[in-house]
Chemist: 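One structure, pasted below without further comment.
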Amino acid sequence: MEKKGAIIIVLICMILVILAINFNVMDILKKTITGQASTTQTVSLNISVSSGNPFVYFITPVSAVTLTDAPNPTYLTINFSANDSDGAANLNNVTAAVNLTKATEALRMNSSCTVKDFSGNYANYSCNVTLWWFDGDGDWTIYANISDLNSNIAVNNTKTVTLNTLTGFVMSPSALTFGSLTPGTYNQTPTNYLLLNNTGNVDISSGNVQINATDLRGETTSSQALYAGNFSASPYTGGNIECNITASATQMVNKTFTGVANTILAAGNYTINDGTAQERVYLCLREIGGELSQQYYSTQNLGSWTVKIV
Amino acid sequence: MKNNKNQNIRRFISLAVLIVFGISFISAFSISAPYMENKELKMSPGEIKDLEFVLQNGGATEEINVKVTILDGSDIIRLIDGNDIYPVTPGEKVSVNMKITMPEDAKTSQNYSVKIGFKEVTSEGGSNFGFGTEIEQNFNAVIIGKENKINSKLILYLAIGIVLILLIIVLIIATKKKKSKK
């Protein structure tokens with residue numbers, strides 16, 4: 001009996017719903033209930049109409065970015081779309097902007113995006129963000145934002161862009177010059193040093209600047225040499241410390257990559273030229289054998305020295 | 001007289017070594033690699049991936065040649081460009097394409113060390129103290145279990161399904177208990 005009752009109630013409800021749909025009951029109710037009073041009265045009303053908020057509804061996906069190496073910038077174009085229920089004309093185009101953020105990294109932004117096109121309530125914007133070779137690899141959050149003429153702000157930060165890893169360095173100067181080299185002498189240092197600039201976005205840690213040294217063999221008598229093991233390297237100088245392998249200097253090893261201790265090449269803007277993203281490597285010829293004869297010594301026999309970053 | 005001779009020899013060696021060291025060198029190039037968190041490339045057993053490295057030579061004024069060598073991991077990674085020396089003109093981006101293949105029998109959490117050397121090719125001839133530059137790119141190819149690749153949505157649906165089934169079982173048991181009490 002209870003079951004029958006329940007079934008009947010359900011059936012009645014279904015019939016009512018079907019009827020309501022077929023006869024547009026809601027429309028009839030809307031038209032009938034107008035709020036119009038049956039008698040005339042004078043009423044003062046304060047009506048404030050709030051405009052619809054703008055909405056950044058789409059950011060065009062951006063594929064992973066290969067940064068241009070130093071010293072050139074990378075221009076990244078980011079497009080986004082916004083709408084405003086009050087019409088695209090209500091969007092304040094001059095406020096369209098894109099920011100790229102990543103923890104510990106400097107803000108990259110474009111606050112002067114251009115309108116590509118607009119129609120009805122919708123508008124598309126194009127923004128150019130300048131990136132630099134030292135901007136960190138990994139995911140950066142894209143903040144696309146715009147305000148309407150009523151100063152309502154819309155922000156979309158749901159998308160990211162990945163910057164690829166960039167590893168590089170520049171080595172200079174144009175020449176290494178030893179003032180005077182005579183057989184049987186010790187601790188001879190060039191008058192200048194190797195300057196390494198980090199041209200990428202990867203920090204090179206201590207020991208990962210490596211030098212593969214080779215003996216400088218005599219070009220006439222190849223059994224004589226300025227031996228690789230007699231060279232040392234160091235990021236420090238003064239008081240011949242670059243020659244002191246019992247202190248901080250690193251002794252070179254023939255045909256072997258040897259990390260120069262304490263040499264750090266952090267990523268950064270080396271063009272400031274204040275030591276940022278720069279490292280100096282001082283070389284020292286610790287011993288010039290007294291047995292050396294008069295001839296040219298070079299890497300012709302055993303190959304070039306190589307400076308490597310890992 | 002002997003003293004004079006010694007001085008001459010010393011002067012010659014001094015001059016020779018000065019010439020040897022007085023050769024110009026400015027070296028610059030860079031490599032861009034796909035971003036890998038913690039330098040780890042996660043792959044499944046049997047999976048094949050293409051990797052693109054990009055060579056640039058922005059800080060220089062002349063074209064250089066870069067030789068690419070797989071120093072470690074040649075059992076899983078190989079160059080697919082047909083040539084291991086790449087000319088790089090200043091301002092250009094040159095692609096170096098590689099393919100990495102995980103063995104079918106690779107075990108979960110197993111690591112494959114990959115080291116790739118990018119070395120500027122320098123001329124070896126002539127009387128000079130030649131300097132070259134090299135950049136080494138290292139990463140680990142880490143094997144992840146296939147179970148890690150199950151779609152997270154599928155897991156959610158499975159969980160909801162299990163909960164619904166449990167609810168139905170509980171309702172059936174409760175109904176039966178009610179009936180048995182009656």
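Letters A, B, ... mirror the listed sequences (proteins, then strands); counts begin at 1.
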Chemist: How far does CG of A:Asp139 sit from OH of B:Tyr35, to the nearest 0.5 angstrom?
Modeler: 6.5 Å
Chemist: Heavy-atom pairs under 4.5 Å with chain B are the metric here; pick the option from A:Asp69, A:Val307, A:Thr68 that has the most.
Modeler: A:Asp69
Chemist: By a 4.5 Å heavy-atom criterion (distance strictly below it), what part of A:Ala64 contacts chain B: side chain, backbone, both, or neither?
Modeler: neither
Chemist: Which answer fits A:Leu67, side chain, backbone, both or neither, if we ask what part of it has an atom under 4.5 Å from a heavy atom of chain B?
Modeler: backbone
Chemist: Look at atom CD of B:Glu37 and say whether more than 12 heavy atoms of other residues, nucleotides or ligands are closer to it than 6.0 Å.
Modeler: no
Chemist: Taking the side chain as every heavy atom from C-beta outward, state whether A:Thr66 and B:Gln56 have any atom pair closer than 4.5 Å.
Modeler: yes
Chemist: Is any side-chain heavy atom of B:Ile31 closer than 4.5 Å to one of A:Leu166?
Modeler: no
Chemist: Locate the shortest heavy-atom distance separating A:Asn164 from B:Pro34; write the atom from each residue and the value.
Modeler: OD1-CA, 3.6 Å
Chemist: Would you give the length of the straight line joining atom OG1 of A:Thr165 to atom CZ of B:Phe53, rounded to the nearest 0.5 angstrom?
Modeler: 9.5 Å
Chemist: If you measure from CG on A:Leu163 to OG on B:Ser32, what distance do you get to the nearest 0.5 Å?
Modeler: 9.5 Å
Chemist: What's the shortest heavy-atom distance between B:Gly58 and A:Pro71, and which atoms?
Modeler: O-CD, 4.3 Å
Chemist: Please identify, among A:Gly138, A:Gly200, A:Gly184, the residue contributing the most non-hydrogen atom pairs under 4.5 Å to chain B.
Modeler: A:Gly138
Chemist: Any idea which heavy atoms bring A:Phe169 and B:Glu134 closest together, and the distance?
Modeler: CE2-O, 3.7 Å
Chemist: Could you look at B:Lys115 and say if it's the side chain, the backbone, both or neither that has a heavy atom under 4.5 Å from chain A?
Modeler: neither
Chemist: What's the shortest heavy-atom distance between A:Ser304 and B:Gly132, and which atoms?
Modeler: CB-N, 4.4 Å
Chemist: How about A:Thr167 and B:Gln137: does a side-chain donor come under 3.5 Å of a side-chain acceptor?
Modeler: yes
Chemist: State, yes or no, whether a side-chain contact exists between A:Lys308 and B:Ile135 at a heavy-atom distance under 4.5 Å.
Modeler: no
Chemist: Under the side-chain contact (heavy atoms from CB on, under 4.5 Å) rule, what do A:Val310 and B:Asn138 come out as? Steps first, then yes or no, please.
Modeler: CA-CA 8 Å; A:Val310 179; B:Asn138 301 334; 3.2 Å; yes
